[in-house]
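Read through the structure below, which is laid out as structure tokens, and then see the notes.
Along the sequence shown, residues are numbered consecutively beginning with 1.
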Amino acid sequence: YVLITTFLWLGPKILLFSLPMLISHVPPFVIARAFIAIFPDGTETVKRTCSFYMLFTVALILSLPLAVLVLISLVLDYFMYYVFSILYCVCTCRCTKACESFEYIAPFRNGPSIMLHLPDFFVAVMGQCARQRVGETLYMVSCMWL
């Protein structure tokens, strides 16, 4: 069931979102790559100076189309996961087991938000751009959001 539903949902989703996701990653990644290029090799930390936050803000503004795509993808994922899970529970008569599982999961909901740590994510992307080719990092981060 999981393989079938994965194929039914992720196949069209990847076909629809992969190219726009890759293209919308280019502007912030160019900024991250250009900024990390001024650091010497082996730099362990990136100081959070005014110039860092200025470039981060520019990258964040250029990431707004990407944020819309990520949000649309996430909402569609939630919708499809609920459709498939409700269908599974109804067909297998496991609604009470699903409710019990939700109780076990409850303490782990509302964990740390990436939105509160976006500068850290930007630094991580800068580090990846320094270690790997930009295209490879672009692909990895795009797949993470998909």
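Cluster membership check: Val68 shares its hydrophobic cluster with Met21, using side-chain heavy-atom separations under 4.5 Å among Ile, Leu, Val, Met, Phe, Trp and Tyr. Cluster annotation: Val30 is not connected to Leu64 through the hydrophobic network of ILVMFWY side chains, with a link wherever side-chain heavy atoms come within less than 4.5 Å. A continuous path of ILVMFWY side-chain contacts below 4.5 Å connects Ile72 to Val141, so both sit in one hydrophobic cluster. Note on Met80 and Leu87: same hydrophobic cluster, where clusters join Ile, Leu, Val, Met, Phe, Trp and Tyr whose side-chain heavy atoms are under 4.5 Å apart, directly or indirectly. Taking hydrophobic clusters as Ile, Leu, Val, Met, Phe, Trp and Tyr residues chained together by side-chain heavy-atom distances below 4.5 Å, Leu62 does not share a cluster with Met54.
Between atom SG of residue Cys99 and atom CZ of residue Arg94 there is a gap of 12.5 Å, rounded to the nearest 0.5 Å. The structure places CD of Glu136 at 10.5 Å from SG of Cys129, a figure rounded to the nearest 0.5 Å. The line from OH of Tyr81 to CG of Leu76 is 11.0 Å long, rounded to the nearest 0.5 Å. For the atom pair Met126 CE and Ile31 CD1, the distance stands at 11.5 Å (nearest 0.5 Å). The SG atom of Cys91 lies 11.5 Å from the CD1 atom of Ile86; values are rounded to the nearest 0.5 Å. Rounded to the nearest 0.5 Å, atoms CD1 (Ile36) and OG1 (Thr43) are 6.5 Å apart.
Of the possible donor and acceptor atoms, none in the side chain of Arg109 sits under 3.5 Å from a partner among the backbone N and O of Ile105. Between the side chain of Ser73 and the backbone N or O of Leu69, no donor-acceptor pair lies under 3.5 Å.
The number of heavy-atom neighbours closer than 6.0 Å to CZ of Phe17, taken from other residues, nucleotides and ligands shown, is above 12. Surrounding CG of Leu3 are at most 12 heavy atoms belonging to other residues, nucleotides or ligands under 6.0 Å away. By the neighbour-count criterion of 12 heavy atoms within 6.0 Å, atom CD1 of Ile4 is sparsely surrounded, having that number or fewer from other residues, nucleotides or ligands. Atom CE of Met115 has 12 or fewer heavy atoms from other residues, nucleotides or ligands within 6.0 Å. By the neighbour-count criterion of 12 heavy atoms within 6.0 Å, atom CZ of Phe39 is densely surrounded, having more than that number from other residues, nucleotides or ligands. Within 6.0 Å of CZ in Phe79 there are 12 or fewer heavy atoms belonging to other residues, nucleotides or ligands.
Using a 4.5 Å heavy-atom cutoff, the side chains of Phe52 and Pro119 are in contact. Looking only at side-chain heavy atoms (C-beta outward), Asp77 and Trp9 come within less than 4.5 Å of each other.
The aromatic rings of Phe56 and Tyr53 stand perpendicular to each other, their planes meeting at an angle above 60°, with 30° marking the opposite boundary.
Under the side-chain hydrogen bond (donor to acceptor under 3.5 Å, both in side chains) criterion, Asp120 pairs with Arg48, not counting sequence neighbours.
Between Pro12 and Phe7, the shortest heavy-atom distance links the atoms CD-O, 3.8 Å. Of all the heavy atoms in Ser63 and Ala59, the pair that sits closest is OG-O, 2.7 Å.
None of Leu74, Val70, Leu71 except one satisfies the side chain to side chain contact (heavy atoms under 4.5 Å, CB included) rule with Trp145; the exception is Val70. The side chain to side chain contact (heavy atoms under 4.5 Å, CB included) test with Thr137 singles out one residue from His25, Gln128, Arg33, and that residue is Gln128.
Applying the ring pair (Phe, Tyr, Trp, His ring centres under 6.0 Å) rule to pairs touching residues 91-115 yields nothing, sequence neighbours excluded.
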Next on the checklist: I'd like to know whether Phe35 forms a side chain to side chain contact (heavy atoms under 4.5 Å, CB included) with Val123, so could you lay out the CA-CA distance, the side-chain angles of the two residues, the decisive distance to 0.1 Å, and finally the verdict.
Outcome noted: CA-CA 10 Å; Phe35 190 52; Val123 170; over 6 Å; no

